[in-house]
Amino acid sequence: AALTPYVPRLLPALHSLLQDQSSSEKRHAALRATWRLLRYTAPPPKGMQGHAGSLSQRSQLLHTLLGTLLHAEARDARLELVRAIGIIGAIAPASHLRLRH
């Protein structure tokens with residue numbers, strides 16, 4: 001909960017590192033950090049407002065994580081990807097389409 005105010009600034013930085021193709025170790029570290037950040041700042045069951053940054057940030061991060069999942073070969077990386085995707089949760093398809101256009 002102490003990290004919650006920093007999530008909107010941390011997610012874009014981690015998102016950038018997840019897309020960095022120069023180092024698989026850097027991407028894996030960013031993935032672990034993203035998963036832990038999302039896990040420990042998870043919202044209560046009701047009231048998603050303010051969780052994990054804006055809807056736009058979550059949508060972009062979800063898109064990146066899903067793309068990474070398609071190419072991840074290491075079992076531990078795939079597990080962390082699935083965990084992070086699960087924590088982000090589903091984004092309403094209409095909202096996702098609106099953000100993509």
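What you see is a predicted model, and the numbers here were worked out from it, not measured in a lab. What you see below is based on every heavy atom in this structure, not just the backbone, and it leaves out hydrogens, waters and symmetry mates.
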Which donor-acceptor pairs under 3.5 Å do side chains of residues 71-80 form with protein atoms, sequence neighbours excluded?
| residue | atom | partner | partner atom | Å |
| --- | --- | --- | --- | --- |
| Arg78 | NH1 | Leu69 | O | 2.8 |
| Arg78 | NH1 | Ala72 | O | 3.2 |
| Glu80 | OE1 | His28 | NE2 | 3.3 |

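- Taking each heavy atom of Val7 and Pro12 in turn, the nearest pair found is O-CD, 4.3 Å.
- Within the 4.5 Å cutoff, the side chain of Arg83 has no heavy atoms near those of the Arg39 side chain.
- Taken to the nearest 0.5 Å, the CG atom of Leu37 stands 6.0 Å off from the CG atom of Leu3.
- Listed by first then second residue, pairs satisfying salt bridge (Lys or Arg N to Asp or Glu O under 4.0 Å) with a partner in residues 3-14 number zero, not counting sequence neighbours.
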Tabulate below the donor-acceptor pairs under 3.5 Å that side-chain atoms of residues 16-25 make, not counting sequence neighbours, or state none.
| residue | atom | partner | partner atom | Å |
| --- | --- | --- | --- | --- |
| Gln19 | NE2 | Thr64 | OG1 | 3.4 |
| Asp20 | OD1 | Ser22 | N | 2.8 |
| Asp20 | OD1 | Ser22 | OG | 2.6 |
| Asp20 | OD2 | Ser22 | OG | 3.3 |
| Asp20 | OD2 | Lys26 | NZ | 3.0 |
| Gln21 | NE2 | Gln19 | O | 3.4 |
| Ser23 | OG | Glu25 | N | 3.4 |
| Ser23 | OG | Glu25 | OE1 | 3.3 |
| Ser23 | OG | Lys26 | N | 3.1 |

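- Considering CD1 of Ile87 and CG of Leu62, their distance stands at 12.5 Å, rounded to 0.5 Å.
- Within the model, atoms CG of Leu14 and OG1 of Thr34 stand 4.0 Å from one another, a figure rounded to the nearest 0.5 Å.
- From His63, atom NE2 reaches atom OG1 of Thr68 across 9.5 Å, with rounding to the nearest 0.5 Å.
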